[in-house]
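In what follows, residues are counted from 1 in the order of the sequence shown.
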Amino acid sequence: FIERHLPAAWREHVRAAAYHHRPRSKGDCWVQLADHLASSEQVEDEDKPLPQIRSIVSALGGHTSAGYLPIKRLNPQDAASLFPVPRQQSSAVDADFRQLWDEFTKACQQTLVTAEAVQVYLEKIYALLQEFTWCVSAGFSEDASDVSLFDHARSTSALAACLAYDNRSEDWCQSACRSPIEVCYLVGGDLSGVQNFIYTITSSGAAKSLRARSFYVQLISEALALALVRRLELPITNLLYVGGGGFQLLVPVKTVGRLPEIARDLTDRLLEVHRGALGLTLKWTAVFSNEFDSFNQVRDRLGREINIAKRQPFSAASPQILAKSIGVPITQGGDPLKFCRVTGEDGENIIADEDGYKSRFVISLEKLGRQLPSASYLVLSETEFEPPVPAKSWNEALRSFGLDVKVASAAEHLRDLLTNLPEGLHRVWRLDPIPGEGEAPFHSKPEKTAIFSYKPFARLTPLNEDGIPKTTEELAAHPRRGHFERWGVLRMDLDNMGELFQKGLGDRVSLSRVASLSFSLRLFFEGWLPELAKPDLEPYLYLQYAGGDDLFIIGAWDALPEFALRVRDSLEKFACGNPAISISGGMCIVEAAFPLYQAAREAGEAEDKAKAPRSDGRSKNAFTFLDVPMDWETVRVLQAEAYRLAEGVNRGCLPNSLLQVLQSLAQQFSSSIKRQKNGREVPVIGPWTWMAAYQLTRMASGIKDPGYESFVLELRDRFLSPNKQTRFVGLAARWAQYLTRGGN
């Protein structure tokens with residue numbers, strides 16, 4: 001492979017990769033030690049056949065019902081290429097590996113032909129390894145490993161780069177295997193003010209820039225992380241993670257003295273660009289050689305330091321820059337009618353727009369919001385660090401951190417963009433997992449180096465007839481079912497995520513395993529999640545954010561609970577039924593003109609309620625709907641009953657008054673429940689018992705459809721012989737009421 005695909009000028013420099021188990025030089029020792037530390041175990045004979053890789057998510061918490069990754073090129077938009085499968089026969093595994101290898105080498109021949117520079121080759125092969133070795137085991141034992149070759153290779157590369165930068169001797173490498181010694185530093189960056197920046201905007205016209213706002217925060221995180229990598233002269237592999245307004249990377253020991261200066265400059269730039277709306281916390285902690293088998297503790301230690309430092313988000317700023325901002329009004333006053341109708345700010349950057357006054361920055365985000373739904377590529381180009389000024393556009397702001405970003409809708413558009421860009425290196429993020437036919441010409445033009453890589457990016461944007469993202473008013477006006485004109489917010493995230501990273505990986509929590517778990521979750525939330533809306537929910541849902549372990553969606557009120565159930569069911573399948581993996585969520589339903597920031601807060605409170613202890617003594621793994629938390633199975637039963645009630649009323653098979661009767665009976669039933677000393681809840685027989693017997697029996701007798709008659713009698717019997725579902729009958733009726741004539 002080295003002879004065939006590496007430029008001749010530096011083949012000898014990378015032979016350490018082939019000889020690191022029998023070191024012949026200092027470079028061999030760096031790779032050998034990095035390999036050992038990344039995996040926290042001695043690698044066995046590499047001549048053994050590769051086993052099928054076990055899904056790391058399915059194995060969390062010691063779960064034994066294993067699933068194995070399909071041996072296919074990465075495509076998280078295709079369930080057959082992403083979801084775990086039963087272990088295959090060795091002959092089938094061998095055939096899949098041969099096909100994967102053929103596809104990989106063909107891709108290498110197509111994309112590496114102009115990779116003469118070390119950085120270019122590294123980033124191109126990094127992208128190919130992500131696509132082709134994400135499903136290849138890094139282990140060589142008889143039992144399948146749960147770490148991919150891609151995640152182990154990038155972790156090893158990051159550590160080897162640190163050792164090479166610090167020019168560690170062969171004796172030092174040997175010492176690091178025998179006793180605790182400082183190997184590198186883990187650096188973490190975290191943006192503060194993200195929630196307010198994204199959601200503290202009015203509902204009027206907010207949706208036009210909503211997805212773009214969260215995407216911009218993601219780009220700011222990328223820009224800050226890449227600026228750090230660039231200034232420390234590190235390879236891209238040292239950037240372990242970027243997402244959710246934060247990032248982590250490994251840096252050599254010799255670079256730590258430069259971090260305070262870099263942190264100050266980046267904090268200053270962010271302060272001047274966004275005038276305090278966004279802040280940066282940058283912290284770092286040493287990693288010793290005996291800590292790589294418990295890397296979760298290193299991450300936890302860094303997380304605690306970041307959380308403490310976030311209480312002073314601008315503490316790293318220069319005194320003179322901080323003094324310019326303290327006591328200076330963010331707005332400038334002036335014409336009381338000339339203010340941004342989205343953010344409420346005023347000043348010289350407010351201009352007239354087609355539907356009122358807006359800031360230049362908001363207008364630029366609205367333009368980006370129109371581009372993102374049809375985007376196929378993003379072009380990220382390193383530029384000079386422009387002097388920071390209050391942001392007039394999202395791209396201008398990014399250039400303050402040395403990054404220029406362009407959006408391309410197709411290969412033809414990409415060709416025009418690259419043709420007009422200056423010579424140099426341009427990272428091209430492909431938003432679709434399968435390469436387009438129009439990419440091939442870019443691989444043979446060394447004067448315009450384009451490094452293509454697949455970037456999981458969750459996109460789900462409902463468009464109106466003009467191709468513009470729907471407003472919250474439009475989402476409310478056209479619900480999926482019925483005529484109840486409301487929209488809502490859905491928020492969900494994994495339960496016990498910190499504990500899963502801390503304890504779920506068992507006794508061996510290596511750097512590679514942490515990287516593999518993070519990448520797997522990213523594929524599910526950023527790559528697969530939008531597929532769950534296809535085809536019927538797409539016109540009703542606006543995916544604001546999905547990444548890491550959580551999601552935030554705006555949509556027509558009636559589409560949100562359906563999507564929540566699909567997410568929960570799909571996650572269970574992705575985790576192979578692992579009971580250690582669960583998700584909780586909550587949603588709110590609001591009127592058309594309701595403020596977005598308040599709806600976001602209410603949905604967050606509903607999510608918190610789902611995670612809190614419930615009347616049945618359980619907590620989490622639940623969903624809050626109509627302000628009532630319940631387990632997922634109850635949600636499913638509730639939905640089926642609500643849909644059946646609504647269908648019966650709409651068809652004239654059930655009297656509309658039935659819905660109000662059921663709500664009244666359920667309210668009386670819930671009020672009669674008494675909690676015993678052992679914590680068990682027991683309903684006290686009261687008027688609701690015979691009222692249910694009389695009213696529902698009478699209603700059933702007047703129903704001509706035998707199926708609906710039987711259904712009403714089943715609901716009656718639930719009151720006569722109460723069970724855990726009885727208290728939710730009224731909720732099903734209220735849901736059905738919203739689905740019929742619009743509710744209250």
TODO: State the OG-CG distance between Ser157 and Leu122, to the nearest 0.5 angstrom.
DONE: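 Answer rounded to 0.5 Å: 5.5 Å.
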Task: Inter-residue atom distance Arg154.CZ - Asn238.CG, 0.5 Å rounding - done: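 Rounded to the nearest 0.5 Å, the CZ-CG separation comes to 11.5 Å.
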Should [X] and [Y] count as side-chain neighbours, where that means a heavy-atom distance under 4.5 Å?
X      : Y      : answer
Leu228 : Val187 : yes
Leu463 : Pro373 : yes
Val389 : Glu396 : yes
Phe247 : Tyr241 : no
Leu541 : Leu475 : no
Leu490 : Ile554 : no
Pro456 : Phe525 : no
Pro469 : Arg370 : yes

Open item on the list: Using the side-chain hydrogen bond (donor to acceptor under 3.5 Å, both in side chains) definition, which of the options Glu222, Glu526, Gln130 pairs with Lys455?
Closed with: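 With Lys455 as partner, Glu222, Glu526, Gln130 yield a single side-chain hydrogen bond (donor to acceptor under 3.5 Å, both in side chains), made by Glu222.
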Any donor-acceptor pair under 3.5 Å from [X] side chain to [Y] backbone:
X      : Y      : result
Ser518 : Ala515 : no
Arg269 : Glu386 : yes
Arg459 : Ala375 : yes

Under 6.0 Å between ring centres: does that hold for [X] and [Y]?
X      : Y      : answer
Phe150 : Phe519 : yes
Tyr377 : His426 : no
Phe215 : Tyr545 : no

Task: side-chain contact (heavy atoms from CB on, under 4.5 Å) partner of Leu224, chosen from Leu403, Leu282, Leu280 - done: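 Among Leu403, Leu282, Leu280, the one meeting side-chain contact (heavy atoms from CB on, under 4.5 Å) with Leu224 is Leu280.
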Open item on the list: What I want to find out is whether Lys358 reaches Glu366 closely enough, with some N-O distance under 4.0 Å, to be called a salt bridge.
Closed with: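 Glu366 and Lys358: salt-bridged.
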Open item on the list: Other residues, nucleotides and ligands only: do more than 12 of their heavy atoms fall within 6.0 Å of CD on Glu538?
Closed with: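 More than 12 heavy atoms, drawn from other residues, nucleotides or ligands, come within 6.0 Å of this atom.
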Task: Distance-minimising heavy-atom pair for Val217 and Phe197 - done: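 That would be CG2-CD2, 3.8 Å.
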